[in-house]
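Following this message is one structure expressed as structure tokens.
A, B, ... follow the sequence lines: proteins, then strands. Residue 1 opens every chain. Remember, predicted model here, so these are calculated numbers, not experimental data.
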Amino acid sequence: MSDESVRVRYAPSPTGYPHIGNIRTALFNWLFARHAGGKFIVRIEDTDQSRKVDGALESILNSLRWIRVDWDEGPEVGGDYGPYFQSERRDLYQKYAQQLLEGGHAYKCYCSAERLDRMRAEMAERKESMRSYDRHCRELNERERVELEAGGTSPVIRFKMPLAGQTTFNDLIRGDITFDNNELDDLVLLKSDGYPTYHLANIVDDRFMKITHVMRADEWLSSTPRHVLLYRAFDWEPPLFAHLPMILGPDKSKLSKRHGAASLIEYRDMGYLPEAMMNYLALLGWALDDKTEIFSQEELIRHFSIRRISKTAAIFNKDKLDWMNGVYIRNVVIEAPAAKVDSEAYTPVITTDLIQQLMEFLDKHLPHEVNRPISREYVEQIWPLIRERITTLREVADNFDFFFIDELVYETDLLLDKKLTTDTVVTALKAALQSLTDLSADWDRIGRDAEKLAEDAQLLEEVLRPLAAGLGLKAGELFKLLRVAVTGSTAAPPLFQTMAALGRVRCMKRIRAALGKLELV
RNA sequence: GGCGCAUUCGUCUAGCGGUUUAGGACACCUCCCUCUCAAGGAGGAGAUCACGGGUUCGAAUCCCGUAUGCGCUACCA
């Protein structure tokens, strides 16, 4: 299905860091556009001067860039339908507000905030069905208007909502939806500071940016009849609507800071991969079938369709994200083999430099005493040992620091075992130390490649496994001692490969350190 | 309060009138593999399809009510 005329937009307002729900909306729009071969536009809705937040624009753009959602028109790239900041299109909105005024579809309202507050308070007290505005200024006569105008208050322009009838529109996800017009109030189109409200601006912009499909969060559903009526007042054909299910926190409420990480960028900083994030987000409210979970970006684009978007709000499930990130980390194919593109096997594909990303985390989170720059060659060597044991890149610096630091810090108790006497432990470690000393000097050669590393590991096993028997220990018992001595932990990658990667000098030094600790017992 | 939308395992979901003893995934449990931890493999437990009425030979699937949840109800988006 290719339709180059498709034009969709992501229209965030720069009021803070975009959270997962915002970016999921952007993603769905983007997937839809890319699938259709249409255009994806980013438009900044900065019409509320008081809510503007410094740095928000950059964080929106950075979030999109991070998960690799690119835009055809918008900030930084421009386009034929700009400007793409609503604050730069005020003349347009004023012109069309004026047109509505002249056509009898809108009116000026001089009510003060105080009067509005009072009115609402009274309504609430009388338990009347809440209406946001009592239409006080809708039927002013000429004399009253002149008087108010002379009073110097700058008016807002309100839409003259039809008082009767119904408005029905079709939602691509939910079907036909009908509202009674008398439920709709005379919303403000143009604020007294000359800026438009969302309602006016989004209609005018979607019209002039030739937007064909409006895909936005569910919370906009109730505003849609007002928008449809506005289109009608202008005598414009409305675009197609699709209201996306919301993403909720674990307590089923709207996602916010209270739920821990809410902004997308925080996930980048925690060590999630953008490819995994896109994959996970795509599955929040959309599914291809009853089994496929792992999709490359290309596969997502190829299969995405509005028809398969679900109606119900989804709860963000970090456990599943963790799992998926792990799948990407350990199964990643750095470059998609050409032959696989059309195959039915869904394979995680990462187009970015994973090791480079890891290097950045290590540089940032490893203790200061670790020398910089960290060797990429070394990281590539140990990568196979850690990739199966992490769910995020950030964890490497925390759980595998023994690959990098000099002095291991751990409780001496870890070396002791209920079944073994301290003497036995000391004897075993000394014997192991001797074995390593006796080992061929080849071990520890500089510039070891993966093959050499495997050889070293095998060599170590050939020496150390028989040693256990000689000491009257089970292999596992000896290995545990060495593991603690060499990594400072009872849980680590396979012993011999770890020792091979660490190198003879460090291993022997650490075993001596362990013996030193035991002497103090 | 009013209006709107939604309601399948704890969570994400498949299902679009009979192929369903409701399928998959995450998480959980057991076993296998194993030098630990993971990963992987094999199993298991887990959903009276919110509830109540219809329609139909037959309903998770269609209709109506109720309940619950969420959203909107600003000179915010």
Side-chain angles (χ1 to χ4, degrees), chain A residues 11-15 45-48 50-51 109 111-113 116-117 120 123-124 127-133 154-158 171 173-174 177-180 182-185 187-193 195-199 201-202 216-225 243 245-246 248 250 252-254 280 283-294 308 310-324 326-327 330-331 385-391 399 461 464-465 468 474-480 482-484 487 489-496 498:
Chain A
S13 79
T15 54
E45 311 229 322
D46 55 349
T47 57
D48 187 345
S50 62
R51 294 211 313 156
C109 169
C111 292
S112 65
L116 259 21
D117 284 347
R120 284 175 198 137
M123 276 186 181
K127 292 202 163 135
E128 261 177 43
S129 80
M130 289 284 277
R131 159 151 277 126
S132 68
Y133 182 55
S154 39
V156 301
I157 294 179
R158 285 183 184 273
D171 183 274
I173 295 170
R174 288 156 218 282
I177 295 167
T178 301
F179 285 77
D180 283 335
N182 65 20
E183 292 290 339
L184 278 18
D185 33 55
L187 67 252
V188 172
L189 262 19
L190 209 59
K191 303 184 242 183
S192 55
D193 64 2
Y195 280 88
T197 58
Y198 170 83
H199 305 293
N202 113 85
R216 80 240 287 196
D218 206 19
E219 57 195 295
W220 291 106
L221 195 63
S222 325
S223 296
T224 306
H243 289 91
M246 310 250 294
L248 275 21
K252 298 195 177 200
S253 73
K254 224 171 162 177
Y280 178 73
L283 257 29
L284 235 36
W286 178 86
L288 202 220
D289 53 28
D290 60 346
K291 51 177 88 66
T292 318
E293 306 267 4
I294 304 297
R308 299 203 60 86
S310 80
K311 296 184 209 301
T312 60
I315 293 173
F316 181 80
N317 182 201
K318 189 168 166 297
D319 277 342
K320 189 149 184 178
L321 204 216
D322 282 344
W323 164 77
M324 192 171 280
V327 169
R330 72 185 89 94
N331 295 329
L385 301 181
I386 55 184
R387 66 184 300 178
E388 309 234 320
R389 278 159 261 267
I390 53 171
T391 58
N399 301 342
E461 180 158 14
L464 294 173
R465 199 177 277 278
K474 286 185 209 154
E477 288 173 325
L478 205 222
F479 296 165
K480 183 208 152 181
L482 288 170
R483 179 174 306 108
V484 172
T487 70
S489 167
T490 53
L495 219 215
F496 311 113
T498 303

**Prompt:** Is Ser50(A) touching bases, backbone alone, or none of the nucleic acid, heavy atoms closer than 4.0 Å?
**Reply:** nothing
**Message:** Would you say Thr47(A) places a side-chain N or O within less than 4.0 Å of OP1 or OP2 belonging to C76(B)?
**Reply:**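 Looking at the OP1 and OP2 atoms of C76(B), neither is under 4.0 Å from any side-chain N or O of Thr47(A).
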**Prompt:** For U13(B), does either OP1 or OP2 sit under 4.0 Å from a side-chain N or O belonging to Ser310(A)?
**Reply:** yes
**Item:** Euclidean distance for P, C5(B) against C64(B) (whole angstrom)
**Value:**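 Each nucleotide's P atom is 11 Å from the other's.
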**Prompt:** Base, sugar-phosphate, or nothing: which does Val156(A) touch, judged by heavy atoms less than 4.0 Å apart?
**Reply:**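 Here Val156(A) touches the bases of the nucleic acid.
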**Message:** Expressed as a whole number of angstroms, how long is the span from Leu190(A):CG to A74(B):P?
**Reply:** 19 Å
**Message:** Could you tell me how far A77(B) sits from G52(B) if I compare only their C1' atoms? Round to whole Å.
**Reply:**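 The same atom, C1', in both gives a distance of 40 Å.
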**Prompt:** At under 4.0 Å between heavy atoms, what does Glu45(A) touch on the DNA or RNA strands: base, sugar-phosphate, or nothing?
**Reply:** sugar-phosphate
**Item:** Whole-Å P distance, C35(B) and G44(B)
**Value:** 28 Å
**Prompt:** Whole-Å distance between A25(B) P and Leu321(A) CG?
**Reply:**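 Distance check: Leu321(A) CG to A25(B) P gives 19 Å.
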**Request:** For nucleotides C12(B) and G46(B), find the distance between their C1' atoms and express it as a whole number of Å.
**Result:** 15 Å
**Request:** Answer with base, sugar-phosphate or nothing: what part of the nucleic acid does Ser13(A) contact at a heavy-atom distance below 4.0 Å?
**Result:** sugar-phosphate
**Asked** Has Arg120(A) got a side-chain N or O lying under 4.0 Å from the OP1 or OP2 atom of C75(B)?
**Response** yes
**Message:** Treating primed atoms plus P, OP1 and OP2 as sugar-phosphate and everything else as base, which nucleotides of nucleotides 61-71 of chain B get B, S or - for protein heavy atoms under 4.0 Å?
**Reply:** ---------SB
**Message:** Base, sugar-phosphate or nothing for Cys109(A)? Non-hydrogen atoms, less than 4.0 Å.
**Reply:**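 Here Cys109(A) touches no strand at all.
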**Prompt:** Quantified in whole Å, what is the C1' atom distance between nucleotide U8(B) and nucleotide U48(B)?
**Reply:**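 U8(B) and U48(B) have their C1' atoms separated by 12 Å.
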**Message:** Considering every strand and a 4.0 Å limit on heavy-atom distances, what is the contact class for Tyr198(A): base, sugar-phosphate, or nothing?
**Reply:**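 Base contact.
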**Fill in**
Taken to the nearest whole Å, CG/Leu189(A) to C1'/A77(B) is 15 Å
**Item:** Distance, P atom - from G53(B) to A42(B), rounded to whole angstrom
**Value:** 43 Å
**Prompt:** Across the strands shown, which category fits Thr15(A) at heavy-atom distances under 4.0 angstrom: base, sugar-phosphate, nothing?
**Reply:** nothing
**Item:** Rounded distance in Å - OH (Tyr133(A)) to P (G2(B))
**Value:** 25 Å
**Asked** To the nearest angstrom, how far is Lys291(A) atom NZ from G15(B) atom P?
**Response** 11 Å
**Request:** Respond yes when some side-chain nitrogen or oxygen of Lys318(A) is under 4.0 Å from OP1 or OP2 of C12(B), and no when none is.
**Result:** no
**Item:** B/S/- contact track for nucleotides 27-41 of chain B, protein heavy atom under 4.0 Å
**Value:** S-------BBBBSS-
**Side chain of Leu284(A) - closest among C12(B), A77(B), A74(B)** = C12(B)
**Request:** Report which part of the nucleic acid Ser489(A) touches: base, sugar-phosphate, or nothing (heavy-atom distance under 4.0 Å, all strands).
**Result:**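 Nothing: the residue Ser489(A), judged by heavy atoms under 4.0 Å, touches no strand.
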**Request:** Have a look at Gly285(A) and say if it touches a base, only the backbone sugar-phosphate, or nothing, with a 4.0 Å heavy-atom cut-off.
**Result:** sugar-phosphate
**Asked** Expressed as a whole number of Å, how far does the C1' atom of U68(B) sit from that of U56(B)?
**Response** 29 Å
**Request:** Could you give the distance separating A39(B) and C28(B) at their P atoms, to the nearest angstrom?
**Result:**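 9 Å, rounded to whole Å.
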**Message:** Need one value for Arg158(A): base, sugar-phosphate or nothing, where a base atom within 4.0 Å counts as base even if backbone is also close, heavy atoms only.
**Reply:**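 The residue Arg158(A) makes sugar-phosphate contact but no base contact.
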**Message:** Within the 4.0 Å heavy-atom criterion, would you say Pro14(A) contacts the bases, only the backbone, or no part of the nucleic acid?
**Reply:**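 Nothing, no nucleic acid heavy atom in range.
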**Prompt:** Paired with C5(B) by Watson-Crick or G-U wobble geometry, both distances under 3.5 Å: which nucleotide is it?
**Reply:**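 Checking every strand shown, C5(B) finds its partner in G69(B), with both distances under 3.5 Å.
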**Prompt:** Within the structure shown, what part of the strands sits under 4.0 Å from Arg216(A) by heavy-atom distance: base, sugar-phosphate, or nothing?
**Reply:**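 Here Arg216(A) touches no strand at all.
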